[in-house]
Engineer: 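Below is a structure I'd like to ask you about.
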Amino acid sequence: MQKPSLPKGTRDFGPQESIKRNYLIQAIRQQFVKYGFMPLETPAMENLSVLMGKYGEEGDQLVFKILNSGDFLKKSSRSDFEKGSQHLLPSLAEKGLRYDLTVPLARYVVMNQHALTFPFKRYQIQPVWRADRPQKGRYREFYQCDADIIGTRSDWNEVELTLLLHDVFESLKLRDFVLKINHRDVLFAMAAASGMSGREIDFCVVLDKLDKIGEPAVLEEMASKGGNTHKLKEFLDLLAGTTSSVERLKKMGEQLPASKGIEQLLAYFSQLEAFSDRQFKIELDFSLARGLTYYTGMIFEVKPTSVKMGSICGGGRYDNLTGVFGLPDVSGIGISFGLDRIYDVLEELQLFPESTQQTTTVLITHFDQESFGHGKKMVEKLRKEGLPCDLYPEPGKIKKQFNYANKLNIPYVITIGSEEITTEKYPFKEMSTGHQASLTLDQIISRLKGND
RNA sequence: GUGGUUGUAGUUCAGUUGGUUAGAACGCCUGAUUGUGGUUCAGGAGGUCGCGGGUUCGAGUCCCGUCUCCCACCCCA
């Protein structure tokens, strides 16, 4: 007899967890719909030709590959083996599990470019898979909740997504977070001014480590890569400044007069002023890099402040999403919420509402075949009223039936016996208080519907 | 991919320099109470000590391997 097990980094979601996850998904979807996004679903698997080469060398290794069906060795030759896994892979696997929702979106847009109406606003809430090593807040199967606006360069979109993310977290009562903003163009201009033109990725990677390894280590590492540390020091001073985002932006603008990014960020902050009723923390962070290679404009990331957790939401503008698939000059902007991390944060801060604790509101208990039969009619009537209810499925010890209601957190119990069948008045017990009243079915319905 | 850590009942954990039949709490089942749960009391079931190998008269305990869990790095949601 073998013990069953789960693949590394995957989880089951029991009833209580599923209810909470559904609450989360529903809350996010509601905001997506409110902001005019339409749903899209794509297959769990994509062709590897679509997936590979889009996430950098490291990302490619994190894509789960699906072994070809049938005799999967048939297509590979001895020389493929000898040349190593890079050469062998295409003959062994042609499909992979999707790594994110952005690349499948790009594929979808290209394949349906003539049928779509632009700007195309789509949302997508589906699982993605990464062959990463699991740790806190990192799973091998997790849900992303993406909203993207494709086919417009309007700078209103940046503002719109900012308002959207505020509304999402507000609806979840999650207020301990900070939205970090930066711009790819500013990063590139900083790299150029620091003498690292053409090696912007290196520059970003090192700069991004700032809060982990500290300023001296960053300067040292930058110097070892041939950067101008004197210039960089000036940037870092600006970065660490305590003045407002807009003031720091203006100062950075003096350093980088040619940067369009500074202008765009200033315009962004200026537009946001009209929505100052939404109170939340927005912070300019010149060190924010975000690894994904396709962002070209503004980038942002949301981090919880009172829980130790990586980013729970991220996104940015990309000018050439579909370029790799042969459709140039499609600009868009996207945002991605990490459902599983948000779940962990809400759980830790105990922000899930009470109402997610229960679904069935009333249980009907009974003693014998006759009262069981009566219960069948009652449960049907309650269900026709749309009330989530249940009939204990077999006659038996009433104690056991009450215990069942207790275990499942069912708040009300109705009991049927021979006397109740004739009087048509039933003991209606509120489990939390122990209070019990004798009521007709209509009175019970009206009470359960809250009309009483 | 690199490093550290963990694994004993359904769950959380004890288990002495290696030594009889591996324990507790909670949970579960039954009864006290054959028309009322959450309290109490009594009783009961439940373990290939992650898996494989080794050392030993003897291994939950020591050694090796392997898997897994959690954590950090890398990277990211």
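Just so you know, these numbers come straight off a predicted model, no measurement behind them. Just the heavy atoms: all of them, side chains too, but no hydrogens, waters or symmetry mates, feed the values below.
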Engineer: CG of A/Asp155 to OH of A/Tyr268: how many Å apart, nearest 0.5 Å?
Structural biologist: 11.5 Å
Engineer: Is the cationic atom of A/Arg447 (NZ for Lys, CZ for Arg) positioned less than 6.0 Å from the six-membered ring centroid of A/Phe428 and within 45 degrees of its normal?
Structural biologist: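 The answer is no; the distance or angle limit is not met.
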Engineer: Partners of A/Lys121 by side-chain contact (heavy atoms from CB on, under 4.5 Å), sequence neighbours excluded?
Structural biologist: A/Phe37, A/Ile149, A/Glu160
Engineer: Give every residue pair that meets the side chain to side chain donor-acceptor pair (under 3.5 Å) criterion with at least one member in residues 394-408 of chain A, sequence neighbours excluded.
Structural biologist: none
Engineer: List in chain and number order the residues that pass side-chain hydrogen bond (donor to acceptor under 3.5 Å, both in side chains) with A/Glu347, two or more places apart in sequence or in another chain; answer none if no residue qualifies.
Structural biologist: A/Lys20
Engineer: Starting at atom CG of A/Leu24, determine the distance to atom C1' of B/rA77, rounded to an integer number of angstrom.
Structural biologist: 13 Å
Engineer: Could you list by number each residue of residues 362-374 of chain A showing a heavy-atom separation from RNA chain B of less than 4.0 Å, or answer none if no residue does?
Structural biologist: A/Phe367
Engineer: To the nearest angstrom, how far is A/Tyr295 atom OH from B/rA77 atom C1'?
Structural biologist: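 From A/Tyr295 OH to B/rA77 C1': 10 Å.
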Engineer: Is the distance between the ring centroids of A/Tyr343 and A/Phe352 less than 6.0 Å?
Structural biologist: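 Centroid distance A/Tyr343-A/Phe352: below 6.0 Å, so yes.
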Engineer: May I ask you to say what A/Glu420 touches in the nucleic acid, namely base, sugar-phosphate or nothing, with a heavy-atom cut-off under 4.0 Å?
Structural biologist: base
Engineer: Could you tell me the separation between the NZ atom of A/Lys303 and the C1' atom of B/rC76, rounded to a whole number of Å?
Structural biologist: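 In whole Å, B/rC76 C1' lies 11 Å from A/Lys303 NZ.
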Engineer: Does any residue of residues 307-322 of chain A have a heavy atom under 4.0 Å from RNA chain B, and if so, which ones, in number order?
Structural biologist: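 Correct list: A/Lys308, A/Ser311, A/Ile312, A/Cys313.
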Engineer: Please tabulate, one pair per line, each protein N/O and nucleotide N/O from nucleotides 1-8 of chain B that are separated by under 3.5 Å, including the distance.
Structural biologist:
unit_1 : atom_1 : unit_2   : atom_2 : d
B/rU2  : O4     : A/Arg133 : NE     : 3.3
B/rU2  : O4     : A/Arg133 : NH1    : 3.3
B/rG3  : O6     : A/Arg133 : NH1    : 3.4

Engineer: Identify, residue by residue, the members of residues 430-439 of chain A with a heavy atom below 4.0 Å from RNA chain B, and return them in order of residue number, or none.
Structural biologist: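 Hits under 4.0 Å, by residue number: A/Met431, A/Ser432, A/Gly434, A/Gln436.
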Engineer: Can you check whether A/Phe337 stacks with the B/rA77 base, using ring centres under 5.5 Å and planes within 30°?
Structural biologist: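 It does not: the ring fails the test against the base of B/rA77.
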Engineer: Using the rule given for salt bridge (charged side-chain N to carboxylate O under 4.0 Å, His left out), can you reason through A/Asp100 versus A/Arg130, listing the C-alpha separation, both sets of side-chain angles and the distance that settles it, and then say yes or no?
Structural biologist: CA-CA 9 Å; A/Asp100 69 0; A/Arg130 295 184 188 178; 5.3 Å; no
Engineer: Heavy atoms, side chains only, cut-off 4.5 Å: are A/Tyr143 and A/Asp340 in contact?
Structural biologist: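 Yes - at least one pair of side-chain heavy atoms lies under 4.5 Å apart.
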Engineer: Would you mind reporting whether A/Lys376 and A/Leu391 have side-chain heavy atoms less than 4.5 Å apart?
Structural biologist: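 They are in side-chain contact.
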Engineer: Would you please say whether a donor-acceptor pair under 3.5 Å links the side chains of A/Asp148 and A/Tyr318?
Structural biologist: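 Present: a donor and an acceptor within the cut-off.
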Engineer: For residues 172-180 of chain A, which residues have at least one heavy atom under 4.0 Å from RNA chain B?
Structural biologist: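 Correct list: empty, so none.
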Engineer: Answer with base, sugar-phosphate or nothing: what part of the nucleic acid does A/Lys136 contact at a heavy-atom distance below 4.0 Å?
Structural biologist: sugar-phosphate
Engineer: Over all strands shown, is A/Gly56 touching base, sugar-phosphate only, or nothing at heavy-atom distances under 4.0 angstrom?
Structural biologist: nothing
Engineer: Looking at A/Met196, is its backbone amide N or carbonyl O close enough to the side chain of A/Ser194 to form a donor-acceptor pair, meaning the two atoms are under 3.5 Å apart?
Structural biologist: no
Engineer: Flag the pair A/Arg153 and A/Asp319 as a salt bridge only when some basic side-chain nitrogen lies within less than 4.0 angstrom of an acidic carboxylate oxygen.
Structural biologist: yes
Engineer: Please give the distance between the P atoms of B/rG7 and B/rU11 as a whole number of Å.
Structural biologist: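 After rounding to an integer number of Å, I get 14 Å for this pair.
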Engineer: Whole angstroms only, please: what is the CD1-P distance between A/Ile299 and B/rA77?
Structural biologist: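 Interatomic distance, CD1 of A/Ile299 to P of B/rA77: 11 Å.
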Engineer: Quick one: A/Ile398 CD1 to B/rG31 P, roughly how many Å, whole number?
Structural biologist: 15 Å
Engineer: Strictly under 3.5 Å: I want the nitrogen or oxygen pairs between protein and nucleotides 27-29 of chain B, one per line.
Structural biologist:
unit_1 : atom_1 : unit_2   : atom_2 : d
B/rC28 : OP1    : A/Lys407 : NZ     : 2.6

Engineer: Would you please say whether a donor-acceptor pair under 3.5 Å links the side chains of A/Arg122 and A/Gln124?
Structural biologist: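 Yes - a donor-acceptor pair under 3.5 Å links their side chains.
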Engineer: Would you indicate, yes or no, if B/rU68 has its OP1 or OP2 atom less than 4.0 angstrom from a side-chain nitrogen or oxygen of A/Lys8?
Structural biologist: yes
Engineer: Using salt bridge (charged side-chain N to carboxylate O under 4.0 Å, His left out), reason through A/Lys281 and A/Asp176 one step at a time and then give a plain yes or no.
Structural biologist: CA-CA 9 Å; A/Lys281 204 172 169 199; A/Asp176 295 347; over 6 Å; no
Engineer: Toss me the dot-bracket line for RNA chain B: Watson-Crick and G-U wobble, both under 3.5 Å, 5' to 3', using | for pairs to another strand and [ ] for crossers.
Structural biologist: ((((..(..((((.....[...)))).(((((.......))))).....(((((..]....))))))..))))....
Engineer: Rounded off to whole Å, could you give me the CZ-to-P distance for the A/Arg140 and B/rC70 pair?
Structural biologist: 12 Å
Engineer: Examine distances only and state if a side-chain atom of A/Lys65 and a backbone atom of A/Val63 form a donor-acceptor pair shorter than 3.5 Å.
Structural biologist: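 Yes.
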Engineer: Donor-acceptor pair, distance only, cut-off 3.5 Å: does the side chain of A/Arg140 make one with the backbone of A/Thr10?
Structural biologist: no
Engineer: Do A/Phe286 and A/Phe235 have their ring centres less than 6.0 Å from each other?
Structural biologist: no
Engineer: A/Asp146 CG to B/rA77 P: how many Å, rounded?
Structural biologist: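 After rounding, the gap between these two atoms is 9 Å.
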Engineer: Do any pairs count as a salt bridge (charged side-chain N to carboxylate O under 4.0 Å, His left out) and have a residue in residues 303-316 of chain A, sequence neighbours left out, and if so which ones?
Structural biologist: none
Engineer: Please report the distance, rounded to the nearest Å, between CG in A/Leu62 and C1' in B/rC75.
Structural biologist: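 So the CG-C1' distance, A/Leu62 to B/rC75, works out to 7 Å.
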Engineer: If a protein heavy atom is under 4.0 Å from the base, mark B; if only from the sugar-phosphate, S; if neither, -; do that for nucleotides 40-45 of chain B going 5' to 3'.
Structural biologist: ------
